Structure formats: structure tokens, C-alpha cells
Novice: 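Got a structure for you, questions after.
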Amino acid sequence: MADRVKFKDLSPEEQQDHRDRMRHSAAHVLAEAVTKIFPDAQLTIGPPIEDGFYYDFANTEPFTPDDLMKIELEMRDSIRANTEFVERETSRDEALDIVIDNPYKVEILEGIPADERVTFCSHSEGAFEDLCRGGHMTRTGDIKAYKLLSAAGAYWRGDEENAMLQRIYGTAWESRDAQKTYLKKIEEAEKRDHRKLGRALDLFFFDPIAPASPFFMPKGTVVLNSLITYVKELYEKYDYDEVMTPQIFNTDLWEKSGHLQAYSENMFFIDVDERQFGVKPMNCPAHAMMYQSNSRSYRELPLRWADFGRLHRNERSGVTAGLTRVRSLVQDDAHIFCTFEQIGQEISSFLKMLNEAYAAFGFDNYRFELSLRPDKRVGSDEMWDKAEVVLTELLDSSGMEYTAEAGEGAFYGPKIDVFIPDALGRDWQCGTVQLDFSLPERFDLEYAAEDGSRQRPVVVHRAMYGSLERFLGVLIEHLSGVFPLWLAPVQAVVVPIADRHNDFCHEVGVKFKAAGIRIKVDDSNDRMNAKIRQAQLQKIPYMLVVGDREVEAGTLAVRTRTGENLDPMSVDEAVAKFLEQIADKS
RNA sequence: GCCAACGUAGCUCAGUGGUAGAGCAGCUCAUUCGUAAUGAGCAGGUCGUGAGUUCAAUCCUCACCGUUGGCUCCA
């Protein structure tokens, strides 16, 4: 009890540190338990992670759920024994001798300078020891709540060229209550899973006949089209033009763009009449052709071309997931062809538009990542220097928080990615803005400058939603399927109490429809209670109930999906109210 | 792609070496009801696909397909 009070009194940083140390300590106890049951298992790494920890073991068979139970029991004994964590220092070379039979530990040590001291940490009276950076609790008994969650294969250092290790995930908390809260939170988040809601709300489904390719039902299509309509409004404001381009192209194009060399594993190819075609995974080469189809002047720049063309990417079978990673997708894609000097202005205005859009959906938990030059790249160092400075200054002056990742940029240019978390906190890349120094070279794009010289434009790839499918997926989870009025597939349902009210209800429906409101009349012979329940389950924003009183007075009894009953209003009043709310996107 | 689990009616799920059930949804009939489920009846499945073992496979074995979770928040 004293501990719990103490934990509450810690600063957020101290709390985080406490949890990290406890989770890392739990990883040690886990490792001990595994080596007891599976003596051949080799230790590798076991860091604390958000909400828990994991440990990777080499030289062992995959763990079964049964194994996990046994391991958890073994851990319990170790924690009950409440032994001390003891750290000892050695020289790196001494440590190498100790772990010589474990190639993973050897590799870790080889990454540490020879003159540095390293630490080992033991517990259980020295019966278990592990090479370890440090950061533990005082005693094993300080691990107040823990639970093993799952086992999975994981490559050493995340590289599939390396051996596959067996990983065990667990969670650990400062108290049983905290752990309970966490597990409850996960359970709640699973209810928001967009795949479940997509089925329940009749938005989309999947079928093995087209793996990882969603079929959007009418209701899902309404939402997607609303997303597109909205972005087209923004394009009007931010001065973009829309274009349309072919779906499949002769392989020559992909050779020229470089996709054949760099991206063909992710492309679908079709042979027709002994010629090979590639289905487009991206729009940029087509847009480059459009640019090239005319001689260009600096007066035309920047050109902003948006394309809602359908793309196909042959994602590896193990990585597809619901709507968040699909093989058939549409992006709110656009390419900006501009001068090098215009880059700053273009990206700044794009980020402004993106923030405006995300605010409209109520996202407030997205993050930015700036990816800087990789080792393998095209373009001069001078170009990279300038471009990176422009992006960095933009982000700094915007006040938006971001992380800079050295070496993570594309070979063709630096980029800023925007990530949005799903219900379970997994990040998905949605928005992106990428500079491209390569495409203009490959397609030999030029414009006539003011002085008559021929100059190379820069291409900016950019999207706010990214894939509309993915964006819809995270949006559904963000909203728990409760779409605001402007996005709701069905905005209102008219509920006649008895058959004799049906005619009036249909008249009401016609009036709302004429005003452009998506409305349905529920004239099934269910009872009113059942109709309301149905509308609630479908998360329909408004229920317009009509009985004798309403027909008599020519009004509507308006119920919201939050269960609130508004004052009776006329059809005209209700229409006006809805239209206003739709326009406000509130 | 790799590791693991899973795949039974439209959906959610039971179930057994002797060719399958429930709830919801659907359809029919009755009911006409004031803010989250009216009642009765009917219909619905080559148990993911293909092989194999067996007298007999939805169940056991193998392969394939698909889905789900995981595959650097580094000693």
C-alpha cells in the first residue's frame, strides 16, 4: 500500500522510470524462468516497452500457450522469493569471455568500445545472471503485477536476414489495479476495432477472392465519398487541379521511373499480346508524363495535380491488416511541380491544409516525423542541405512537435510523415510530404526560367489522408464508429409509431431528401422500441419519431443518438438545423 | 516472406471419428404499440479448398488459401 501511494506521488518522469525499471526487471525474471524450463534457450535482449516488456530467446522451439502458463508460474516463485537484483561491473573483454557461447551477447558486446565497462545483473541469489545495461528494481518482489500476453517469432534486430528468435510479450504494473485498468482498456479498444465496426455498420467487408482488398458497401462508400468531397473543397481553396490517369502502363514507363528496379516486388503485372504491363502502385510517373506533354514555363509553376486514381500494391502476405494495409487503395494523392525556391511555401501551405483537415475529424493525437538523407541517395549534397534546412525550419517555426530521423529519408528526397494511432495505440502513417529530386531527372523535366535558361523543377509528393482506406480505418476507431453528422452514412431515420403514420413519414423523408439529407424511413412492422434500438445500434445521429401528436401538429419528435429528446420541431426547422450542422462539420 | 493461432448458417459462436446445433439477422403470418429487442412459424450449412489415413472424416495427418497477433520502443 505504501508503495502505491508513493507511486502516485512521483512526477510523471519518475513514474515512467519506475515502470521501465519494473518491466525490465520482469524481463529478467521471465528470462530466468525460461532458462529453468528450457535450459538450451539462449538469452538475447529484453527491454521495457510501452505498457510492458518482452524478451527474445534464441535456440529454442516456439513457445506454446501452455508453455507461457508454466513460465508464468515459475516467475511467480521467483517474485515470491523476493531476492535482490545485484549489478556487477566488468571490463568488456572479461564480459566477452563470460558470454562466449552466446553469439547474440557477443554481437552486443562487440558493438561496445573495448575500453568501456559493462554490467551484469543477477537475482535469485546469483542463480541467474544476464548481461544488461541496467535499470532494475531493488528486489524481485517489487514487481507488483505482471502477466505474460503472447509469444511470437521475431528476427534478431528486426532484420529478416537474421535468425528468427522466440519472443515473449508481457505486461507489468505498479499495482494490480493499474494492470486491471490497462487490460480493461485493451478490451475496450478491441470493441472499437474498425473491422468489427465495418461489419456491424455495414460499411465494408473482405473476401478471400480478393485478398486484402475491401468491398465497400453503399454506407461505406458514402463515408469515403464524403472524405473525397471534403478534400476537393480544400483543393478548391488551396488551388489544386484534379487529373485522371490510366490504370495500367507498359513496363517501359516503370523502367523509366525506376519502379521496375526498386518496387517491382510490390507490383502486379499483366501480359497482354506478348507485351508486359504493370498496374500502377503510384500516380507519379503518369503525372510526370503529363508535365512533359507540354513545354513548361516558370509562369505556370507551381502546378498542383491531384489524382484519386486506384492503386494496387502487392503487399507481402504477412503484413496486410483490415483497412489499414490493403492491396487495392485510393489516395488523396497530388504532385506539385515547382521551382526549388518554391518548396518552402508549398510545404508550408500543405501542412496548414493538413492540420485544418485533421482538426475537422477531431484528430489531436497525430505526430510528425522528419526523415533525413539516407546513405544511398540521388541529388547533390547542396540540394539535400538546402531542402533539409527548409523542412527543419518549417517544422520548428510551426510549433508542431516532431522527431527527426537521420538516414530514414527516401533515396529521392527528404520527407515529413504524419502518423495517427489506432484504437490499440499502433501508429499508422497517413499524411506525407516528400521531396523528389529523382523523378524530374528520370523524366528529364524542365521549365523555361525567367532568364530563358532551362531549369529542372522539383516534384513534391503529398497526401493528407494517405490511403483513404487506412484513414477510414483509423477514423472509425477514433470515433468508435460514431460518425459526425456530415460523415454519417444515414443521417436520420424517420420512425412511424404505427402504420397509420407511414404516409406522413414518407412525406417527411421526401422533404429531407430534397434538401440533400441522407434519411431513411423505417416503415417495417417492428414496434417503435425496436426501430429506435436498431437506429441506436447503427449509430444514426437523429431519430425522428412520428405518432398521432406529430401528425396532428405537423411536427417531429427528435431524438439524438445520445438519448436526448429535443423539443418538437417542424420539418423545416429540422432540415435547417441539420443543414447547419452538416455545413459546420460539427 | 518468417513464427504462432484460428477458419462450422449472412453475423456471433456451441459441437462430435458414425455426413451438424443456438442466438441474432432473413422470410411468412399475427400484432399497430410513445423513445434500446412483440409473438408464432418457416427457411438457411459440399463444417475454407484439395489430398491422405479409416468401413466411415467437419473432427486425425499433410499441402494450399485466407484471417488474426508478432517480426530493433536494441546489453
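To find a chain, count down the sequence lines: A is the first, B the second, and so on, and within it residues start at 1. Quick caveat: nothing in here was measured; it's all calculated off a predicted structure. Both backbone and side-chain heavy atoms feed into the values below; hydrogens, waters and symmetry mates do not.
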Novice: Which listed nucleotide (B:U38, B:C71, B:U32) is nearest to the side chain of A:Ala530?
Specialist: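 Ranking B:U38, B:C71, B:U32 by closest atom to the A:Ala530 side chain puts B:U38 first.
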
Novice: What's A:Gly322 touching, base or sugar-phosphate or nothing? Going by heavy atoms closer than 4.0 Å.
Specialist: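 A:Gly322: backbone/sugar contact only, no base atoms under 4.0 Å.
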
Novice: Please state the C1' separation for the pair B:C27 and B:U68 - nearest whole angstrom.
Specialist: 34 Å

Novice: Is the centre of the A:Phe578 ring less than 6.0 Å from the centre of the A:Phe512 ring?
Specialist: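 They qualify: ring centres under 6.0 Å apart.
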
Novice: B:U35 and B:G26: how far apart are their C1' atoms, nearest whole angstrom?
Specialist: 26 Å

Novice: Distance check, C1' atoms only: B:U16 and B:G21, in whole angstrom units.
Specialist: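 These two C1' atoms come out 11 Å apart once rounded.
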
Novice: Could you work out the separation of B:G45 and B:C13 based on their C1' atoms and round it to a whole Å?
Specialist: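 Looking at atom C1' only, B:G45 and B:C13 are 14 Å apart.
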
Novice: Which nucleotide in the set B:G1, B:A75, B:U67 lies at the smallest distance from any side-chain heavy atom of A:Val319?
Specialist: B:G1

Novice: Is the distance from OP1 or OP2 of B:C73 to the nearest side-chain N or O of A:Tyr54 less than 4.0 Å?
Specialist: no

Novice: Heavy atoms under 4.0 Å, any strand shown: does A:Thr64 hit a base, just sugar-phosphate, or nothing?
Specialist: nothing

Novice: Of all residues at least two apart in sequence or in a different chain, which pass the side-chain contact (heavy atoms from CB on, under 4.5 Å) check with A:Tyr155?
Specialist: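 side-chain contact (heavy atoms from CB on, under 4.5 Å) check on A:Tyr155 returns A:Glu160, A:Met164.
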
Novice: Across the strands shown, which category fits A:Asp130 at heavy-atom distances under 4.0 angstrom: base, sugar-phosphate, nothing?
Specialist: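 Since no nucleic acid heavy atom lies under 4.0 Å of A:Asp130, the category is nothing.
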
Novice: Ignoring hydrogens and geometry beyond distance, is the side chain of A:Tyr155 in donor-acceptor contact with the base of B:G70 at under 3.5 Å?
Specialist: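 Answer no: no donor N or O sits under 3.5 Å from an acceptor.
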
Novice: State which of B:G70, B:A36, B:U32 makes the closest approach to the side chain of A:Ala152.
Specialist: B:G70

Novice: Would you jot down, in residue-number order, the residues of residues 185-200 of chain A having a non-hydrogen atom under 4.0 Å from RNA chain B?
Specialist: A:Arg195, A:Arg199

Novice: Looking only at the aromatic ring of each residue, does the gap between the centers of A:Phe471 and A:Phe363 stay below 6.0 angstrom?
Specialist: yes

Novice: Please enumerate all residues that pass side chain to side chain donor-acceptor pair (under 3.5 Å) together with A:Ser122, with sequence neighbours excluded.
Specialist: none

Novice: For A:Leu165, which contact category applies under a 4.0 Å heavy-atom criterion: base, sugar-phosphate, or nothing?
Specialist: nothing

Novice: Can you measure A:Leu149 atom CG to B:G70 atom C1' for me and round it to whole angstrom units?
Specialist: 12 Å

Novice: Between B:A30, B:C71, B:U35, which nucleotide gets closest to the side-chain atoms of A:Asn525?
Specialist: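 The listed nucleotide nearest to A:Asn525's side chain is B:A30.
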
Novice: Under 4.0 Å, counting only non-hydrogen atoms across every strand here, what does A:Ala154 touch: a base, just sugar-phosphate, or nothing?
Specialist: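 Sugar-phosphate contact only - A:Ala154 comes under 4.0 Å of backbone atoms but never of a base.
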
Novice: Assess the pair A:Tyr55 and A:Phe53: is the distance between their ring centroids shorter than 6.0 Å?
Specialist: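 Judged by ring-centre distance (under 6.0 Å), A:Tyr55 and A:Phe53 do not meet the cut-off.
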
Novice: Using a cut-off of 4.0 Å on non-hydrogen atoms, how would the nucleic acid contact of A:Leu109 be classed: base, sugar-phosphate, or nothing?
Specialist: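 No contact at all - A:Leu109 keeps every heavy atom at 4.0 Å or more from the nucleic acid.
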
Novice: Could you label the plane-to-plane angle of the A:Phe268 and A:His312 rings as parallel, tilted or perpendicular, counting under 30° as parallel and over 60° as perpendicular?
Specialist: perpendicular

Novice: Pick the P atom in B:G69 and in B:U28, then give their distance to the nearest Å.
Specialist: 39 Å

Novice: Is there a side chain to side chain contact (heavy atoms under 4.5 Å, CB included) between A:Asp142 and A:Ile79? Walk through the geometry before answering.
Specialist: CA-CA 8 Å; A:Asp142 296 332; A:Ile79 288 170; over 6 Å; no

Novice: Is A:Arg527 close enough to B:U35 that one of its side-chain N or O atoms is under 4.0 Å from OP1 or OP2 there?
Specialist: no

Novice: In this structure, how many angstroms lie between the P atom of B:A5 and the CD atom of A:Glu61, rounded?
Specialist: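 So the two atoms are 12 Å apart, to the nearest Å.
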
Novice: Write down the distance separating the C1' atoms in B:U19 and B:U46, rounded off to the nearest Å.
Specialist: 10 Å

Novice: When you measure from the side chain of A:Met164, which nucleotide among B:G70, B:C73, B:C74 comes out closest?
Specialist: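 From the listed options, B:G70 comes nearest.
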
Novice: Could you check whether A:Asp51 pairs with A:Arg19 (Lys NZ or Arg NE/NH1/NH2 to Asp/Glu carboxylate O, under 4.0 Å)?
Specialist: no

Novice: Within the 4.0 Å heavy-atom criterion, would you say A:Asp159 contacts the bases, only the backbone, or no part of the nucleic acid?
Specialist: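 Here A:Asp159 touches no strand at all.
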
Novice: Less than 4.0 Å between a side-chain N and a carboxylate O, is that true for A:Asp193 and A:Arg195?
Specialist: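 Salt bridge between A:Arg195 and A:Asp193, a charged N being under 4.0 Å from a carboxylate O: yes.
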
Novice: What residues in residues 488-498 of chain A put a non-hydrogen atom under 4.0 Å from any atom of RNA chain B?
Specialist: A:Ile497, A:Ala498

Novice: Kindly assign one of parallel, tilted or perpendicular to the pair A:Phe85 and A:His28, based on the angle between their ring planes and the thresholds 30° and 60°.
Specialist: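 Ring orientation, 0 to 90° scale: perpendicular.
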
Novice: So, A:Gln581 versus A:Tyr542: side-chain donor-acceptor pair below 3.5 Å or not?
Specialist: yes

Novice: Under 4.0 Å from OP1 or OP2 of B:C33: is there any side-chain N or O of A:Arg500 that close?
Specialist: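 For B:C33, OP1 or OP2 has a side-chain N or O of A:Arg500 closer than 4.0 Å.
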
Novice: Taking the side chain of A:Arg533 as its heavy atoms from C-beta onward, which of B:C74, B:A36, B:A4 lies nearest to it?
Specialist: B:A36

Novice: Can you tell me which nucleotide in B:U32, B:C2, B:U35 comes closest to the side chain of A:Ala557?
Specialist: B:U35

Novice: Please work out if A:Gln534 contacts a base, only the sugar-phosphate, or nothing of the nucleic acid, heavy-atom cut-off 4.0 Å.
Specialist: nothing

Novice: Whether the A:Asp522 and A:Ser524 side chains hold a donor-acceptor pair (N or O, under 3.5 Å, no angle test) is what I'd like checked.
Specialist: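 Side chains of A:Asp522 and A:Ser524: pair found under 3.5 Å.
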
Novice: Ion pair present between A:Lys531 and A:Asp526, side-chain N to carboxylate O less than 4.0 angstrom?
Specialist: no

Novice: What orientation do A:His18 and A:Phe7 show, parallel under 30°, tilted 30 to 60°, or perpendicular over 60°?
Specialist: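 Aromatic pair A:His18/A:Phe7 classed perpendicular.
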
Novice: How would you label the contact of A:Phe206 with the nucleic acid (heavy atoms, under 4.0 Å): base, sugar-phosphate, or nothing?
Specialist: nothing

Novice: Establish, with yes or no, whether the OP1 or OP2 oxygen of B:A36 is under 4.0 angstrom from a side-chain nitrogen or oxygen of A:Arg561.
Specialist: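 Negative; the distance criterion is not met.
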
Novice: What residues in residues 15-33 of chain A put a non-hydrogen atom under 4.0 Å from any atom of RNA chain B?
Specialist: none

Novice: So, is A:Arg316 near the phosphate of B:C71, with a side-chain N or O under 4.0 Å from OP1 or OP2?
Specialist: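 Checking A:Arg316 against B:C71: no side-chain N or O falls below 4.0 Å of OP1 or OP2.
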
Novice: Across the strands shown, which category fits A:Arg133 at heavy-atom distances under 4.0 angstrom: base, sugar-phosphate, nothing?
Specialist: base

Novice: Pairs counted only when both distances fall under 3.5 Å, Watson-Crick or G-U: show me the 5' to 3' dot-bracket for RNA chain B, [ ] for pseudoknotted crossings and | for other-strand partners.
Specialist: (((((((..((((....[..)))).(((((.......))))).....(((((..]....))))))))))))....

Novice: Report yes or no: is there a donor-acceptor pair, N or O only, under 3.5 Å between the side chain of A:Glu550 and the base of B:G34?
Specialist: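 By the distance-only test, yes, there is a pair.
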
Novice: Would you kindly check whether a donor in the side chain of A:Asn529 faces an acceptor in the base of B:U35, or vice versa, at under 3.5 angstrom?
Specialist: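 When only heavy-atom distances are counted, A:Asn529 does not reach the base of B:U35 through any donor-acceptor pair under 3.5 Å.
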
Novice: Suppose you measure atom C1' in B:G52 against the same atom in B:C11; what distance do you get, rounded to whole Å?
Specialist: 34 Å

Novice: Mind checking the C1' distance from B:G23 to B:C74? Whole angstroms is fine.
Specialist: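 These two C1' atoms come out 49 Å apart once rounded.
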
Novice: Between atom CD in A:Glu89 and atom C1' in B:A75, what is the gap in whole Å?
Specialist: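 Taking atom C1' of B:A75 as the reference, CD of A:Glu89 is at 14 Å.
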
